[in-house]
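All values below come from the heavy atoms of this structure, side chains included, with hydrogens, waters and symmetry mates left out.
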Amino acid sequence: MKKKSNRKHILFRYGLIVAGILFMSIGIVYKLVDTTVISADEWNKKANKELSRCDTIIPERGNILAADGSILAANLRYYTVRIDFRCERFMEERFRMALDSIADSMARYFPSRTKAQWREHMAKPLAKAKAERPRAYRLINNISYADYRRLRSFPFFSIKNRNRNGLSVESKMKRVNPYGDMARRSIGGVGATAECKEVHGISGLEKALDTLLYGKTGLSKKVPLTKGIYNWTDVPATPGYNIRTTIDIKMQDIVENELNDVLTYCNADWGVAVLMDVATGDIKAISNLEKNPNADNYIEGMNRAVLGYEPGSVVKTISMMIALEDGIVNNLDEVLSTGSSFAYAGGRPITDSHGVGSLTVKEVIERSSNIGMAKIITRKYDSNPGGFYSRLKDIGFLEPMNTGIAGESVPRVDSVPSNRGGRIALSRQCYGYATEIPPLYTLSVYNAIANEGRYVRPRLVSQLIGDGIDSVMPVTYIRDRICSETNAAKMRTMLTNVVWGDHGTGRRLRNDYVRIAGKTGTCYMIEGGAYNTGKKRLAFCGFFPAESPKYSCIVLTCNPKQNAFGAASTSGEVLKNIALKLYSRGMLDNSSDYRAEPARVDPPVIYATANTAKGKKVGKHITSNGTHKSIAHPASASKGVPSVVGYGLRDAIATLERAGYNVDFKGAGYVAAQTPTPGKELAAGTKVTLLLKE
């Protein structure tokens, strides 16, 4: 009886199982029929929609290169490493045992944390119950591929089965600037905008040349394969061009450091400096520094090199060049009666800060006379004030330069009417007021004067490099000639006299190594619609060497508050220091040995002798025409500031800059003394002053 009862139960259970299988089979068959027959059109429509969907393939953005091929901006892939503490076969005990070894390796190669901190960071999730541990705990982020491969060689992380060590990795492309803030505003940045989620240039060269750097997007579509639906590249993406700029890394470093030093010395609000090659218009260096609102230092700021400002007296050079070209003045020795003021057209009298009773035409630039310049220009344009504007337009001064720098603006020089108001405006425009001129435009005219009158176009891009394309951008000209060679030579003489003349406003910029030619400019700043005479914007624009110009340069310093308040002592000092640094490094087609030695029949013979007297150093003896000088052999310090006493300037600069210090110097010859003293431990970037003697 019991056996029959068990059999019934077993048969009943089998019956339930069979019934369940039948119902499931019926459901499967129904769903199959529904999918393939009844609802086939609907499913086919969904499938076609998915298969017809095209995705955008983002192209690889091109690199921005310096003149020597060094990378200024590039895309690099960075990796974020995470640990899944709840993965199925995570080897927890082995991980605990290896914690000390892992922490030691992490601290050595990733010193953002100490060994103890790394151990604490990695052990933190283990304090939780297993069910509460994170599935994607961030171990480290933003590391390079080489660092990621190194991390995978550490204890425990070297386990190949990622289900056992829990490691997972995410990667993303990131735009990087290997030289940090160097020329950062000119190079620019990238990012997504509200209008477009793709990453494009948003400032500087990145923005101005975005269409070339970005490349062309590709298209991918879905295709059904044996194991599923996959992306299939339909139109491949075209990478962007690599763009070679004209920036010289060494010159850029010099310009930024010299501008920063003077801004710090005079506690100015901001400053801008541009260095350009005279013959080609290549912008070799460009720096825009402004006061850091969160610290007591200067940082890369707004690109003011291409923004308009009232330029002040640096415009007198342009006015004088037009006067020479138009024949308004022919005799540079003509005497002009200036007096203490000049009341023109019933306007406020024009005055000179360096006023004299009379001066010659060539002294108008040397002494920076507002009255002299106004009297010259109004000779011709008194009855037609708008004619001065037309002349500026004729020479191409008001045209876009298209240098490649985003945010570039053109000069604002109003075409004034032929009435009393227009005549007054003309008399101000000719010496730098009532206008807005970007520094780069002013520099372009000075560069043309240095370039025998040829008006070369400033540029920041020299070459495009792409897939099968290597295109060198030619030197171009805004106008083939802005003035005659004769008038360019006259202008160079006048600008040289600003520094080397008896009454030049830039006399303090004289030095025995590089003759500088240029013009000072001072302009009061406008606040609330009126000039604030307590705040000045100071400019110096010029070129060097004066006798055979190789580079032109403009510097602006805004609102200095201490130590130096003149155009020559601030902006001019920056330009002079740039010229001297280039000279000391042999970058002006000169020998890099920074010594001005008198002519000798026989070159000096240098030899060393051993001095065995106790406590004395080995000496160097210099023999020249029978004269012997003994100079102590340089003694090196084991730590701190290296000793360079006895070195030539070239070797001294190289030694100190390798040690991380900035160098200033006085005199010529060999290093006789240095401040601070050798061996003193100082922060990197501290200035070391050298005293040189023959």
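- Here the side chain of Asn563 pairs a donor or acceptor atom with the backbone of Tyr265 at under 3.5 angstrom.
- Nearest heavy atoms, Thr520 versus Ser313: O-CB, 3.5 Å.
- A salt bridge links Arg175 with Glu206: at least one charged nitrogen is closer than 4.0 Å to a carboxylate oxygen.
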(request) For side chain to side chain donor-acceptor pair (under 3.5 Å), just list the numbers for Thr493 and Lys362, CA-CA rounded to whole Å, side-chain angles, deciding distance to a tenth of an Å, and then say yes or no. (result) CA-CA 9 Å; Thr493 299; Lys362 62 185 178 184; over 6 Å; no
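- Proximity of the aromatic rings of Tyr531 and Tyr433 is defined here by a centroid distance below 6.0 angstrom, and this criterion is met.
- Looking only at distances, no side-chain donor or acceptor of Asn267 sits under 3.5 Å from a matching main-chain atom of Gln562.
- Inspection of the Lys519 and Ser368 side chains reveals an N or O donor paired with an N or O acceptor under 3.5 Å.
- When all heavy atoms of Pro642 and Gln674 are compared, the closest pair comes out as O-NE2, 3.1 Å.
- Between the CE atom of Met321 and the CE atom of Met494 there is a distance of 11.0 Å, given to the nearest 0.5 Å.
- The side chain to side chain contact (heavy atoms under 4.5 Å, CB included) with Asn288 is formed by just one residue from the set Asn303, Leu556, Val274; it is Asn303.
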(message) Assess the residue pair Arg412 and Glu310 against the criterion (salt bridge (Lys or Arg N to Asp or Glu O under 4.0 Å)); give the C-alpha distance rounded to whole Å, side-chain angles, the decisive distance to 0.1 Å, and a yes or no.
(response) CA-CA 9 Å; Arg412 183 190 67 78; Glu310 275 194 337; 5.7 Å; no
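- Between Ile350 and Ser427, the closest side-chain pair of non-hydrogen atoms falls below 4.5 Å.
- Looking at Thr264, Val262, Leu259, Ile299 one by one, the single match for side chain to side chain contact (heavy atoms under 4.5 Å, CB included) with Leu289 turns out to be Leu259.
- Side-chain contact between Ser287 and Val272 is absent, with no heavy-atom pair separated by less than 4.5 Å.
- Side-chain contact between Met251 and Ile578: absent, with no pair of heavy atoms (C-beta onward) separated by less than 4.5 Å.
- Under the 4.5 Å side-chain criterion, counting only non-hydrogen atoms from C-beta, Leu582 is in contact with Ile254.
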(request) Run the numbers on Asn257 and Lys581 for side chain to side chain donor-acceptor pair (under 3.5 Å), then give the verdict. (result) CA-CA 11 Å; Asn257 284 332; Lys581 278 289 180 68; over 6 Å; no
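- The shortest side-chain heavy-atom distance between Arg428 and Arg348 falls under the 4.5 Å cut-off.
- When all heavy atoms are compared, the tightest approach of Glu408 to Met401 is OE2-N, 2.9 Å.
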(request) Tell me, with the steps shown, if Ser369 and Asp352 meet side chain to side chain donor-acceptor pair (under 3.5 Å). (result) CA-CA 6 Å; Ser369 172; Asp352 281 337; 2.7 Å; yes
(request) Using the salt bridge (Lys or Arg N to Asp or Glu O under 4.0 Å) rule, take Asp296 and Lys291 through it: C-alpha gap first, then chi angles, then the decisive distance, then the call. (result) CA-CA 7 Å; Asp296 188 23; Lys291 198 82 171 180; 3.5 Å; yes
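- Considering Arg457, Arg479, Lys393 as possible partners of Glu399, the one that fulfils the side-chain hydrogen bond (donor to acceptor under 3.5 Å, both in side chains) test is Arg479.
- Here the shortest heavy-atom pairing between Val255 and Ala273 reads CG1-CB, 3.7 Å.
- Annotation: cation-pi pair Lys550/Phe544 absent, no NZ/CZ under 6.0 Å from the ring centroid and within 45° of its normal.
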(message) Apply side chain to side chain contact (heavy atoms under 4.5 Å, CB included) to residues Tyr431 and Val315 and explain how you reach the verdict.
(response) CA-CA 6 Å; Tyr431 61 81; Val315 164; over 6 Å; no
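- Rounding to the nearest 0.5 angstrom, the gap separating the SG atom in Cys430 from the CD1 atom in Ile377 is 5.5 Å.
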(request) Report the C-alpha separation of Tyr389 and Asp414 in whole Å, then their side-chain angles, then the decisive distance to 0.1 Å, and conclude whether the side chain to side chain contact (heavy atoms under 4.5 Å, CB included) test is met. (result) CA-CA 7 Å; Tyr389 168 87; Asp414 294 334; over 6 Å; no
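- Rounding to the nearest 0.5 angstrom, the gap separating the CD1 atom in Ile283 from the CG atom in Leu440 is 5.0 Å.
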(request) Determine, stepwise, if the pair Ser444 / Tyr455 fulfils side chain to side chain donor-acceptor pair (under 3.5 Å). (result) CA-CA 7 Å; Ser444 70; Tyr455 197 12; 3.0 Å; yes
(message) side chain to side chain contact (heavy atoms under 4.5 Å, CB included), that's the test. Do Arg492 and Phe543 meet it? Break it down for me.
(response) CA-CA 9 Å; Arg492 289 198 297 274; Phe543 44 82; 3.8 Å; yes
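- The closest side-chain heavy-atom distance from Glu573 to Arg508 is below 4.5 Å.
- Figure legend: cation-pi geometry between Arg515 and Trp500, with NZ or CZ positioned under 6.0 Å from the six-membered ring centre and within 45° of its axis.
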(request) Determine, stepwise, if the pair Val413 / Leu398 fulfils side chain to side chain contact (heavy atoms under 4.5 Å, CB included). (result) CA-CA 8 Å; Val413 181; Leu398 306 181; 4.2 Å; yes
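- Of the listed residues (Asp282, Asp277, Thr246), just one forms a side-chain hydrogen bond (donor to acceptor under 3.5 Å, both in side chains) with Arg459, and that residue is Asp282.
- Judged purely by atom type and a 3.5 angstrom limit, Asn370 uses its side chain to pair as donor or acceptor with the backbone of Thr351.
- Atom CG of Leu65 is separated from atom CD1 of Ile243 by 9.0 Å, given to the nearest 0.5 angstrom.
- Here Asp512 contributes atom CG and Leu580 contributes atom CG; the two are 10.0 Å apart, rounded to the nearest 0.5 Å.
- The one candidate from Ile554, Thr505, Leu509 that meets the side chain to side chain contact (heavy atoms under 4.5 Å, CB included) condition with Phe540 is Leu509.
- Cation-pi check for Arg537 over Tyr309 is not met; the charged atom does not lie both under 6.0 angstrom from the ring centroid and within 45 degrees of its normal.
- Heavy-atom minimum distance, Leu72 versus Asn177: O-ND2, 3.0 Å.
- With salt bridges taken as basic N to acidic carboxylate O contacts below 4.0 Å, one links Asp269 and Lys561.
- Between the CG atom in Leu332 and the CD1 atom in Ile365 there is a gap of 10.5 Å [rounded to 0.5 Å].
- Classification of Glu290 and Arg304 as a salt-bridged pair holds, one side-chain N sitting under 4.0 Å from a carboxylate O.
- You'll find the side chain of Val364 reaches within 4.5 Å of the side chain of Leu336, heavy atoms only.
- Taking 4.5 Å as the limit, some side-chain heavy atom of Pro411 sits within range of a side-chain heavy atom of Pro438.
- Ile64 and Thr245 make their closest contact through CG2-CG2, 3.5 Å (heavy atoms, listed as atom of the first residue, atom of the second, distance).
- Using the six-membered ring where Trp is involved, Phe388 and Tyr381 have ring planes that are perpendicular, over 60° apart on the 30 and 60° scheme.
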